[in-house]
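Heads up, the thing below is written out as C-alpha cells.
Naming: A, B, ... by sequence-line order, numbering from 1 per chain.
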Protein chains: 2
Amino acid sequence: MESPSRAHRRRKEARPAELIAAALKLFVEHGFAATRLDDVASAAGVTKGTLYLYFDSKETLFRAVIEQNILPLIARAEDSVAHHDGTAAELLRGLLLDWWSLVGETEAGGVLKLMVTEARNFPDVAVYYNEAVVERAKRLVSQVLDLGIARGEFRRVDHEMAFHAIFSPAMMLIIWRYSIGACCGQNIDPAHFMDFSFDLTLNGLKT
Amino acid sequence: MESPSRAHRRRKEARPAELIAAALKLFVEHGFAATRLDDVASAAGVTKGTLYLYFDSKETLFRAVIEQNILPLIARAEDSVAHHDGTAAELLRGLLLDWWSLVGETEAGGVLKLMVTEARNFPDVAVYYNEAVVERAKRLVSQVLDLGIARGEFRRVDHEMAFHAIFSPAMMLIIWRYSIGACCGQNIDPAHFMDFSFDLTLNGLKT
DNA sequence: GACAATTAACTGACCGGTTAGTTAGTATCT
DNA sequence: AGATACTAACTAACCGGTCAGTTAATTGTC
C-alpha cells in the first residue's frame, strides 16, 4: 500500500490547479449555482476548508476557472497569427483547426459553455471573456479575410458577419457536446464535421 | 386606492400561462438553480403559495416551461413541410426563416438556451427536447436536401452534417443573444446575419 | 540519528442566511 | 353561506463560509 493513508498529503503547489480542474468539470456539468463546494473539494481530494485556503469565495473560484483556462488560449493564438504562408484559405483552415484542437478537444472547451450559461450572472466576466477571446479572434479572422480579398481568393464580405459564420459550427459543436449531446448518445464526429462545415463556408467565401 | 384589491383577483385560467412566462424569462436570465420561486411568483403578480396551487414543484414548473414553449413550435413545423413549391433552395430558406421568426424572434428562443444550460441537470427533458424538436427538424431538412439533390440543385452531401451546418449560425445567434451578447452591447443584426450565413451555406451546397 | 519545538497544510463540526415547500387563514366569487 | 383563489407567515433543509483543532512536514538541538 503506497498511499491510502496519504490521501491527504500536504501539496500546497498542486492544490489550486486541482481545485480549478474539479470546479471546471462540475460547473460545466451542473452550472455554477447548482454546484456544491463540498463536491468540488472532494473531487479534488480535499475538504471545503482547504478550498477556502486558496480561494476567497465561490465567485473567486469561478473567476479563477475562467481565467486559468483562457490564458493559455490567448497566448497560443498570438503566435499563430504571425506565421502566415500559403493561401488565405489554408491560413483560415489552419486557424480554425488550431482553435479546434486547442478548445474543442480539451477540457478547456467547457469554458465556452460555462461562459454562455453564466454570462448573465457574471456580466463583468462575460465582458472580459468577450474582449480577451472573442474580439481577439475576430481581429485575427479579419486579417485573414483582408489577405484573402487582397489576393483575389475571397469575395468582399462583411468581416463581422463572416467571423460569426465561420466559427458558428465549431462553437455549436462544443456547446452541443457539453449539453444536449451529453444526454442523447448520438454525437457528431468532430473532425468530419469540422471538415464538412469549413468546406461549405469556404465555398461560400470564394470569388 | 384604485386597485390594491385588483392585485389579487381570482383568475384561475390565466395564472399558469403567466407563471410559465415569468419562469421562462427568469430561468433563461439566471438559470434554473439561481432563480427563486418567490421572484417567479411576484413577476407573475402572485405569491409563492399560488404558484404551488398550479405546479407541484420547481422541477414540474421547469418541465412545463419547456413543454409549453415547444408545443406550438412542433405544430407549426408540421404544416410547413407539406407545402413545397419552388426550388429546394427557396424551400430551405423558407424553412430556416420560418424557424427564425418562430424561435429566434420570440421569447420562445430562450428555451434553446435554457435547454443547453440545464440539459445535464434534466437529462430526460433533454432527450424529450431532442426528439420533439431537433430530430424532427433534422428529418425536415433531410427531405429538402433529398429534393434538392434529386432536382440537381445540391451536391450529394451527408444529411446529418448538412443539417448541423445549416442551423449552426441561427442557433449560435440565439445562444449569443441570451448570454454573452446580453452583456456586451454589440449585437449582431439578426436579419442581416441570417441572410448572410444562409447565402454562404447555400453556395456551399450548390452543385 | 533521535527527539523535541515550531510551522503550516488540512480537517470537520458548526453557524447563519437563504429558499423550496407547507398551511392556516383571508378575500372574492356565485 | 359555501366554495375556492389567493396570501403570508411558517418550517426544514441545504449550503456558503468560518474556525478551533489535528496532523504532517521542517527546523533546531544534543
Side-chain angles (χ1 to χ4, degrees), chain A residues 1-27 29-66 114 118 121-122 125, chain B residues 1-27 29-66 114 118 121-122 125:
Chain A
M1 48 134 83
E2 31 95 60
S3 55
S5 58
R6 343 196 55 56
H8 39 85
R9 284 214 315 293
R10 296 153 49 103
R11 297 188 303 116
K12 188 181 180 179
E13 279 70 33
R15 297 302 188 204
E18 290 171 355
L19 285 162
I20 285 174
L24 173 61
K25 181 169 177 291
L26 292 172
F27 285 167
E29 199 169 326
H30 302 115
F32 176 78
T35 300
R36 289 176 287 269
L37 290 185
D38 276 315
D39 290 344
V40 172
S42 79
V46 294
T47 57
K48 197 169 53 172
T50 303
L51 192 157
Y52 273 91
L53 292 175
Y54 298 105
F55 302 97
D56 290 346
S57 66
K58 195 180 185 185
E59 184 172 332
T60 305
L61 176 62
F62 176 80
R63 289 170 194 272
V65 166
I66 300 291
L114 190 55
E118 303 297 339
N121 291 325
F122 300 96
V125 181
Chain B
M1 45 173 62
E2 29 85 59
S3 55
S5 57
R6 275 184 68 75
H8 40 85
R9 281 218 319 294
R10 296 152 52 100
R11 298 189 302 117
K12 189 180 180 180
E13 279 70 34
R15 298 301 187 203
E18 289 170 355
L19 284 162
I20 284 173
L24 173 61
K25 181 168 177 292
L26 292 172
F27 284 166
E29 197 168 328
H30 301 115
F32 175 78
T35 300
R36 290 175 288 268
L37 289 185
D38 276 316
D39 290 344
V40 172
S42 79
V46 294
T47 58
K48 197 169 53 173
T50 302
L51 192 156
Y52 273 90
L53 292 175
Y54 298 104
F55 302 96
D56 289 345
S57 66
K58 197 180 182 184
E59 184 171 332
T60 305
L61 176 62
F62 176 80
R63 289 170 194 274
V65 166
I66 300 292
L114 190 54
E118 304 298 339
N121 291 326
F122 300 96
V125 181

Query raised in the report: At under 4.0 Å between heavy atoms, what does A:Tyr54 touch on the DNA or RNA strands: base, sugar-phosphate, or nothing?
Result: sugar-phosphate

Do A:Phe55 and A:Leu19 come within less than 4.5 Å of each other through their side chains, counting heavy atoms only? yes

Evaluate the side-chain proximity of A:Leu61 to A:Leu37: yes if any heavy-atom separation is below 4.5 Å, no if none is. yes

Notebook entry, point to check: Looking only at side-chain N and O atoms, does B:Arg11 come under 4.0 Å of OP1 or OP2 in C:dC29?
Noted result: no

Taken to the nearest whole Å, CZ/B:Phe55 to P/D:dA5 is 15 Å

In 5'-to-3' order, the base (B), backbone-only (S) or no-contact (-) status of each nucleotide in nucleotides 11-17 of chain D, using a 4.0 angstrom heavy-atom cut-off, is ----SBB

Taken to the nearest whole Å, CD/A:Glu13 to C1'/C:dC10 is 15 Å

Applying salt bridge (Lys or Arg N to Asp or Glu O under 4.0 Å) to A:Lys25 and not counting sequence neighbours gives A:Glu29

Rounding to 0.5 Å, atoms CZ (A:Arg36) and NZ (A:Lys58) come to a distance of 9.5 Å

Heavy-atom closest pair (A:Ala41 atom, A:Lys48 atom, distance to 0.1 Å) is CB-N, 3.6 Å

message: Counting only side-chain nitrogens and oxygens, does B:Thr47 get under 4.0 Å of the OP1 or OP2 atom of D:dC6?
response: no

Query raised in the report: So, A:Glu118 side chain and A:Phe32 main chain: donor-acceptor pair closer than 3.5 Å or not?
Result: yes

Whole-Å distance, A:Leu51 CG to C:dC10 P, equals 12 Å

- prompt: D:dA5 phosphate, OP1 or OP2: any side-chain N/O from B:Thr50 under 4.0 angstrom?
  reply: no

Separation of D:dT7 atom P from B:Leu53 atom CG, nearest Å, is 9 Å

